[in-house]
Protein chains: 4
Amino acid sequence: MKVSSEYMQAKRDQIARAAIEQFSRRGIHLTSMANIIEASELSAGTIYIHFKGKNEIIAYVARTTFSGLFAEVEAAVTTEPPPRPSELIDLITSRIATADIPSGLLIQVWGEAVSNQEVRRAANSVYEQALDTLREYCVAWMLSGEGKGLPTARREAPARAHLMVSLIYAQILQMSLIDGYDTGSLSAELATLLDRS
Amino acid sequence: MKVSSEYMQAKRDQIARAAIEQFSRRGIHLTSMANIIEASELSAGTIYIHFKGKNEIIAYVARTTFSGLFAEVEAAVTTEPPPRPSELIDLITSRIATADIPSGLLIQVWGEAVSNQEVRRAANSVYEQALDTLREYCVAWMLSGEGKGLPTARREAPARAHLMVSLIYAQILQMSLIDGYDTGSLSAELATLLDRS
Amino acid sequence: MKVSSEYMQAKRDQIARAAIEQFSRRGIHLTSMANIIEASELSAGTIYIHFKGKNEIIAYVARTTFSGLFAEVEAAVTTEPPPRPSELIDLITSRIATADIPSGLLIQVWGEAVSNQEVRRAANSVYEQALDTLREYCVAWMLSGEGKGLPTARREAPARAHLMVSLIYAQILQMSLIDGYDTGSLSAELATLLDRS
Amino acid sequence: MKVSSEYMQAKRDQIARAAIEQFSRRGIHLTSMANIIEASELSAGTIYIHFKGKNEIIAYVARTTFSGLFAEVEAAVTTEPPPRPSELIDLITSRIATADIPSGLLIQVWGEAVSNQEVRRAANSVYEQALDTLREYCVAWMLSGEGKGLPTARREAPARAHLMVSLIYAQILQMSLIDGYDTGSLSAELATLLDRS
DNA sequence: GATGAATGAGAATTCATTCAT
DNA sequence: TATGAATGAATTCTCATTCAT
């Protein structure tokens, strides 16, 4: 029974969606395969046709989660007109808060990365990509928003991008961890620090 | 064979130390009770005399880990002479990097907090304490380091403290997560942003 | 690998048979799941597909045991030609002695009923059924065997049925408990007391 | 530290009382040594000074329970003036119902006797004693109550005693097992059958 | 004799994975 | 490909018993 690879990919996503839902609700390691099987409305055997095992699902979900994060970063930097740095952080933060990838999962996956090499590699890879993307954004912003010259911009952009990544990660962390956390309470401060136009 | 409560506390710590070591190495949920039993050099029964079960160990380790984090924050703000804000973040970060509580455990525990109410409460509680402590530090710094008046300091301190907590958490996250991460690469930037003396 | 519900029921019975055998030999609570697993020639996991746990097995075995007892009562009262009361007790007693449900298990299950609500309910339910069945038998016997009128029969049957249940239970008890017990030694006496035809 | 044997016996009884209470409430095998230790207000070590282990406690409790039963039988047959047979059964039944040995424990101990040789021997021994005592009572009753001659009485007493034991055991069984059981509902019937004075 | 922390074998149960249909 | 009953090693936890104090 030959099936299209679209079909296979759709099944993988169906399983991944179920896993994501269960992982965020119960915790990655408190979610059993039985939980995923039930939530996906598939059978045990079918899951194992599409994934080699639970570890592969975890790795896939981790990559999906990181992709989601990176997609928001990229969407934010390409917004027109270009947002100011503080607006960009707000934008990313608020989009992640409402994304179909629960932000609680991000922290869990970071925790997983500590002892799981495959997940760790994915976390590093996404981190580098985000840093690169924000570096380019910072160069552009310094040129047009702050009126700096290209050499100056290139020199200062890495540190600025690093700061922005840090603030984004910190917002995600606090958003998922702190009950009643107000994302906005950092925004005003960031505006005065980052948006020197 | 009556023993003192110090003895009992020492046993708890012996077990907790073993758990911390195993949790950081293997991951919290990939550590079995058997792993903790072996690492603690105690018997299964003894563990269960001192802890109700694995969940209680996790919660205790989480609280210990958070206490360790808070202890570094407090040690840093009481350093003499008072460090500048960027120095304070450096100080906390570097102390955590070398503390007996592995920083990888902190991230895992944050991940655990997503689905474990008890751990979550502890995470929130430590966060509030750290914020309070940093707020006081910021007021003091603005008065003496920036020459601001008390009303101004009081008004601006919360946002500044929030920013500092965010940066500390972000540093911990990157330190544990990003291979070859250079803590110092953020320091210079922070100095220009935070230390307006 | 979809299977019929008859197949599932057959598995339950296979497990129950193994449990019954082990329970009678070792005692209910001295039988471990490992004993049942081995005797059933199934795996641990399979047992737990078919029963929620040991308690469910105990309850199922209790119900099975009581059903077996009631089946003998019912078989005896419908014997043709209708046996005299003392013959009926003999019949039930001797059938139970040779039934595939060991009579020792009955006593154990009665003991279990003291502290196990589910088993207790089953014991009460079977008792009531047996009493009802014997009451009908007594009415019929008084009408045809003793030549009494219907009102008299109806009035006297409950006490007679109660007496018969008591004697049946007492025989089972002594049969399982007393080494070298001779069931017959009560029969003659019962004949003179009960069979007033 | 030499102590009197009265002291030792008192400790044994203290432990046995705790065990009896726990056994009747929880079931013999669902009672842990820890339960007995707590209920007896002694320590684990002390229990093991006075009993070799749990099995010895069970055996001791079983013997105590059977002794209690036999004591009621004996008390009843020596009542003055001599009770009629049906009164005797009533008397024994009602005394057991209010004795400090819970009747539920009797059934459990009978259940235990199925797979525990020591308890079984005790059960048999008490049964024989009760039978002997009731045989003597029956002889006496037939002589004085029914006006029979000694040879007749001696010939008929065994069967009568057997019947009485059976009825006593049956009453205990139903009393402990059947919710809302009315002991009296058998009494009237027994009066007409047994008290042919 | 009394204590109670320590022991470790053994208990019940779970769960990722397989494979006959 | 899909199914879901079967597997059995691994897991968490308990408990009767011991022994140093």
Side-chain angles (χ1 to χ4, degrees), chain A residues 1-4 7-8 11 29-38 41-58, chain B residues 1-4 7-8 11 29-38 40-57, chain C residues 1-4 7-8 11 29-38 40-57, chain D residues 1-4 7-8 11 29-38 41-58:
Chain A
M1 200 199 272
K2 200 71 155 289
V3 296
S4 69
Y7 177 86
M8 295 297 275
K11 281 278 154 175
H29 289 282
L30 299 179
T31 296
S32 67
M33 288 302 283
N35 295 144
I36 297 174
I37 289 160
E38 189 180 31
E41 299 187 303
L42 294 170
S43 65
T46 302
I47 304 278
Y48 279 84
I49 289 169
H50 296 282
F51 286 93
K52 220 179 141 190
K54 194 184 180 184
N55 282 338
E56 198 176 294
I57 297 181
I58 292 174
Chain B
M1 205 197 193
K2 204 167 274 171
V3 298
S4 66
Y7 177 89
M8 295 299 271
K11 280 277 145 158
H29 289 282
L30 297 180
T31 296
S32 69
M33 287 305 285
N35 295 144
I36 297 174
I37 289 159
E38 190 181 28
S40 68
E41 300 187 299
L42 294 169
S43 65
T46 302
I47 304 282
Y48 282 88
I49 289 172
H50 297 282
F51 288 94
K52 231 181 131 186
K54 195 183 180 185
N55 282 339
E56 199 177 292
I57 297 181
Chain C
M1 203 195 192
K2 205 167 274 173
V3 298
S4 65
Y7 177 88
M8 294 299 271
K11 282 274 146 161
H29 289 283
L30 298 180
T31 296
S32 69
M33 288 303 284
N35 295 144
I36 297 174
I37 288 160
E38 190 180 31
S40 68
E41 300 186 300
L42 294 169
S43 65
T46 303
I47 304 282
Y48 282 87
I49 290 171
H50 297 282
F51 287 94
K52 228 181 133 187
K54 195 184 180 184
N55 282 339
E56 198 176 295
I57 297 181
Chain D
M1 202 196 268
K2 200 73 157 285
V3 297
S4 68
Y7 178 86
M8 296 297 276
K11 283 276 155 177
H29 289 283
L30 298 180
T31 295
S32 67
M33 288 302 283
N35 294 144
I36 297 174
I37 289 161
E38 189 180 33
E41 299 184 303
L42 294 170
S43 65
T46 303
I47 304 279
Y48 279 85
I49 288 168
H50 296 283
F51 286 94
K52 220 179 140 192
K54 194 184 181 184
N55 282 339
E56 198 176 294
I57 297 181
I58 292 173

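Every chain is numbered from 1 and lettered A, B, ... according to where its sequence line falls, protein lines coming before strand lines.
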Taking the side chain as every heavy atom from C-beta outward, state whether B:S40 and B:I47 have any pair of such atoms under 4.5 Å apart. yes
To the nearest 0.5 angstrom, please state how far the OG1 atom of B:T31 sits from the NE2 atom of A:H29. 10.0 Å
Please tell me which of the listed nucleotides, E:dG1, F:dT17, E:dT17, lies nearest to the side chain of A:M33? E:dT17
Any donor-acceptor N/O pair, C:K52 side chain to C:I57 backbone, under 3.5 Å: no
Working to the nearest 0.5 angstrom, can you tell me the gap between B:I49 CD1 and B:T46 OG1? 5.0 Å
I need the residues from residues 43-53 of chain C with at least one non-hydrogen atom less than 4.0 Å from DNA chain F; give them sorted by number, or say none. C:S43, C:A44, C:G45, C:T46, C:I49, C:H50
Identify, between C:M8 and B:N35, the residue whose nearest nucleotide on DNA chain F lies closer to the 5' end. C:M8
Write down the partner of E:dT13 under the Watson-Crick or G-U wobble criteria, each distance required to be under 3.5 Å. F:dA10
What is the pairing partner of E:dT7, taking Watson-Crick or G-U wobble pairs with both distances under 3.5 Å in any strand? F:dA16
In whole angstrom, what separates C:K11's NZ from F:dG4's P? 17 Å
Rounded to the Å, how far apart are B:I57 CD1 and F:dT11 P? 15 Å
Using 0.5 Å steps for rounding, measure from the OH atom of D:Y7 to the NE2 atom of D:H50. 6.0 Å
Can you measure D:E41 atom CD to E:dT3 atom P for me and round it to whole angstrom units? 11 Å
What is the separation between atom NE2 on D:H29 and atom C1' on E:dA11, rounded to the nearest whole Å? 15 Å
Starting the side chain at C-beta, find the nucleotide from F:dT11, E:dG1, E:dA5 nearest to B:V3. E:dA5
Just how far, in rounded Å, is P of F:dC13 from CG of B:L42? 17 Å
For side-chain contact (heavy atoms from CB on, under 4.5 Å), just list the numbers for A:L42 and A:I37, CA-CA rounded to whole Å, side-chain angles, deciding distance to a tenth of an Å, and then say yes or no. CA-CA 6 Å; A:L42 294 170; A:I37 289 160; 5.8 Å; no
Atom-pair distance (CD on C:E38; C1' on E:dA11), nearest Å: 16 Å
Can you measure B:E56 atom CD to F:dT12 atom C1' for me and round it to whole angstrom units? 15 Å
Between NZ of A:K54 and P of E:dT18 the distance, given in whole Å, is 15 Å
From the list B:M33, B:E56, B:K11, side chain to side chain contact (heavy atoms under 4.5 Å, CB included) partner of B:F51 resolves to B:E56
Kindly point out which of E:dC15, E:dA11, F:dA5 is positioned nearest to the side chain of C:Y7? F:dA5
